[in-house]
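In what follows, a single structure is set out as structure tokens and then discussed.
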Amino acid sequence: MTEIRLYNTKTRAVEPLEPTVVPGRVGMYVCGPTVYDRAHLGNARPVVVFDVLFRLLRHVYGADNVTYVRNFTDVDDKIIARAAETGRPIDAITAETTQWYLDDMAALGALEPTEMPRATAYIPQMVAMIEALIAKGHAYAAEGHVLFDVRSYAEYGRLSGRSVDDMIAGARVEVAPYKRDPMDFVLWKPSTDDLPGWPSPWGRGRPGWHVECSAMSYALLGKSFDIHGGGNDLMFPHHENEIAQSRCAHPEGDFARIWMHNEMLQVEGKKMSKSLGNFFTVHDLRSQLSGDVMRYVLMSSHYRAPLDWTVSRVEEAKVILSRWLRLNDRFRRASLDIPDSFEPDPAILAALADDLNVPAAFTRMHELTTGNSADTEPERLVQVVGNARFLGFSLGSGTGPDPSCSLEVAVDRVDAMEERLSQMCAEIDAARAEKDFALADSIRARLREVGVDVLTTKDGTRWERNVDFDRDKAETLV
RNA sequence: GGCGAGUUGGCGGAGUGGUGACGCAGCGGAUUGCAAAUCCGUGUACAGGAGUUCGAUUCUCCUACUCGCCUCCA
């Protein structure tokens, strides 16, 4: 069995994944979105990173032996603020945003996690956890709030390498009169009648930011599980607080054994922000780029290194994806299939198992997709398409500015369109035979326009889609 | 101020104690009506300094610079 090695933030070292909580089974929790707005590119990075890991885990341990939990935080002050701004009900905002998120992440080729719990469905579990923390002397109620007592947990700050005293010295903490220590954080806060709230021993209120993840991971994965992931900006305070809550509420468990953090995404060398005008949502980009191109860019540097999203990288990704797509067209033309027994390339598996070295996996893809190997064409095409799919690329089934339509619908539409494309290639051949190059070029230009490459071969003209293929435009040729 | 990450050829980006991936771009060639695609060929890179070593881009220290977190954030 492939040994998977992962960098553990907790120990600052790469270590083997040893699924021993439940032997042979892996539990993974990744912090999901707070649903109040469209997912941006930065939100997409961890989704893709942990999707690659999820795919690897499913391959190594078997799909039924991997539980991947990614939550939706649907109670939060940002959501309340959004409701106030727009005058819309909170439920409508969270439901809509949740669906947007699922659509956008699917476009990026991300598999749905095994479990996608919503925070509001776990309020009783949160209350129970808070009660346990109070009972064990790790939390206290004050003025309708319940706060976690950071001084009661000696290891507080260990994950992020900070000490409580240092952080207080940093002095950028909110000092509320009801806090025993400035670093204490809120587990529960009171809600006025106009705010979302649930009954609790401390009055009507709502959970603080961090408890939901502790409560949901405990409910779905238990007191110990293998992997916890998220962006490295969550390391402090979010993950630190999760650890404190979970370890104090369930001291008999380990909570997460391996902590993984992806580095931040930047845009053209700067932090993505609305004020800099370099802020992009996945939804925005989907009108210009295929999900595969976005996925490729997001996978093109190691997850623990910063990723700079730039125009030139997008262009480079298009070149690569076009090549893969052309090979995929040949694969389809040859009526090939990926056999059930298909095994991903050993070099790709080894690269991914080595702390998700996706760039090294791409190197192998480059070897498979370039160079002269005409004598092994069918085999090679199966390798290319099989491995690309393993890495989460849809190769055309989701390509084009409208990747959202279902595969089944797409197949029928594509068949009629493909016939037309072949017909146009025949027209080019006829024109060239009569040396009517102007006509041949004009037909070629029309094909290019919809994102189809025209290949001049000894056996006549052929078409292959490139990454700019636009299904809707191609339909107009029929 | 505290904590952390990083600095590899024009660009992107792996990796290694012993002449140094891979991709994009460029250049040359094949092919082509011209292209595109494809194929073949082509690269004086490891921030600076000191040290360890037979030998360092790879280990150690220092300097410079960049970036992130410490506040909502993936």
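No hydrogens, no waters, no symmetry mates; every other heavy atom, side chains included, goes into these values. None of the values given here were measured: they were computed from a predicted structure. Every chain is numbered from 1 and lettered A, B, ... according to where its sequence line falls, protein lines coming before strand lines.
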Which nucleotide wins on minimum distance to the side chain of Asp453(A), given the candidates rA36(B), rG33(B), rC73(B)?
rA36(B)
Please measure how far the C1' atom in rG48(B) lies from the corresponding atom in rU8(B), and state the result in whole Å.
15 Å
So, is Arg323(A) near the phosphate of rC24(B), with a side-chain N or O under 4.0 Å from OP1 or OP2?
yes
Which value, in whole Å, describes the distance between the P atoms of nucleotides rC62(B) and rA5(B)?
14 Å
Expressed in whole Å, how much space separates the P atoms belonging to rA21(B) and rU57(B)?
15 Å
5'-most contact on RNA chain B (nearest-nucleotide basis), Arg364(A) vs Met235(A), goes to Met235(A)
Nearest to the side chain of His40(A), heavy atoms from C-beta on, is which of rA74(B), rA36(B), rU32(B)?
rA74(B)
For residues 444-452 of chain A, which residues have at least one heavy atom under 4.0 Å from RNA chain B?
Arg444(A), Arg448(A)
According to the Watson-Crick and G-U wobble definitions, with both distances under 3.5 Å, which nucleotide is paired to rC11(B)?
rG23(B)
For rG15(B) versus rU58(B), give the span between their P atoms, rounded off to a whole number of Å.
15 Å
N/O (side chain, Lys271(A)) to phosphate O (OP1/OP2, rC69(B)) under 4.0 Å
yes
Could you list, one pair per line, each protein nitrogen or oxygen that sits under 3.5 Å from a nitrogen or oxygen of nucleotides 12-14 of chain B, together with the distance?
from: rG12(B); atom 1: O3'; to: Arg313(A); atom 2: NH1; distance (Å): 2.7
from: rG13(B); atom 1: OP1; to: Arg313(A); atom 2: NH1; distance (Å): 2.7
from: rG13(B); atom 1: OP1; to: Arg313(A); atom 2: NH2; distance (Å): 3.4
from: rA14(B); atom 1: OP1; to: His302(A); atom 2: N; distance (Å): 2.8
from: rA14(B); atom 1: O3'; to: Asn357(A); atom 2: ND2; distance (Å): 3.0

Out of rC69(B), rA37(B), rC39(B), minimum distance to the side chain of Arg326(A) belongs to rA37(B)
Taking the six-membered ring for Trp, are the ring centroids of Tyr29(A) and Tyr68(A) within less than 6.0 Å of each other?
no
Approximate separation, where rounding is to 0.5 Å, of Thr67(A) OG1 and Phe54(A) CZ
8.5 Å
Can you see whether Phe393(A) has Arg295(A) sitting over its ring - NZ or CZ less than 6.0 Å from the centre and within 45° of the normal?
yes
For nucleotides rG10(B) and rG26(B), find the distance between their P atoms and express it as a whole number of Å.
16 Å
Over 60° means perpendicular and under 30° means parallel, so classify the ring planes of Trp324(A) and Tyr296(A), tilted if in between.
perpendicular
Remember a base hit wins even if backbone is also touched, and classify Gln266(A) as base, sugar-phosphate or nothing at under 4.0 Å, heavy atoms.
sugar-phosphate
Stacking of Phe437(A) on rG33(B) base (centres under 5.5 Å, planes under 30°):
yes
Rounding to a whole Å, what distance do you find between Leu439(A):CG and rC34(B):P?
18 Å
Return the 5'-most residue of the pair Phe362(A), Thr369(A) with respect to RNA chain B, ranking by each residue's nearest nucleotide.
Phe362(A)
What nucleotide, of rC72(B), rC73(B), rC34(B), holds the atom closest to the side chain of Asp441(A)?
rC34(B)
Measure CD1/Ile428(A) against C1'/rG33(B) and give the value in whole Å, please.
14 Å
Does the cation-pi check pass for Arg333(A) over Trp463(A), that is, NZ or CZ under 6.0 Å from the six-membered ring centre and within 45° of its axis?
yes
Pick base, sugar-phosphate or nothing for Leu234(A), based on heavy-atom distances below 4.0 Å to the nucleic acid.
sugar-phosphate
From CZ of Arg70(A) over to C1' of rA74(B), roughly how many Å is that when rounded to an integer?
12 Å
Counting the atoms with a prime plus P, OP1 and OP2 as sugar-phosphate, which does Ile320(A) contact under 4.0 Å by heavy atoms, base, sugar-phosphate, or nothing?
sugar-phosphate
For atom P, what is the distance between rC67(B) and rG13(B), given to the nearest Å?
16 Å
Pick out which of Trp309(A), Phe279(A), Phe280(A) makes a ring-ring contact (aromatic ring centres under 6.0 Å, His included) with His40(A).
Phe279(A)
If the C1' atom of rC22(B) is compared with that of rC61(B), how far apart are they to the nearest Å?
33 Å
Output, in order, the C-alpha distance, side-chain angles, deciding distance and verdict of ring-ring contact (aromatic ring centres under 6.0 Å, His included) for His239(A) and His261(A).
CA-CA 10 Å; His239(A) 291 162; His261(A) 292 96; 4.9 Å; yes
Gap between atom CD of Glu155(A) and atom CD1 of Ile243(A) - 0.5 Å precision:
9.0 Å
Given atom CG of Asp459(A) and atom C1' of rA37(B), what is their separation to the nearest angstrom?
15 Å
Verdict with reasoning, Phe255(A) to Phe225(A), per ring-ring contact (aromatic ring centres under 6.0 Å, His included):
CA-CA 6 Å; Phe255(A) 193 40; Phe225(A) 55 93; 5.4 Å; yes
Would you say the side-chain atoms of Asp292(A) pair up with the backbone N or O of Leu395(A), donor to acceptor, closer than 3.5 Å?
yes
Between rC24(B) and rU38(B) - P atom distance, rounded Å
9 Å
Categorize Gly230(A) for me: base, sugar-phosphate, or nothing, with a 4.0 angstrom heavy-atom threshold over every strand shown.
sugar-phosphate
Does the structure place the NZ or CZ of Arg55(A) under 6.0 Å from the centre of the six-membered ring of Phe390(A), at an angle of no more than 45° from the ring's axis?
no
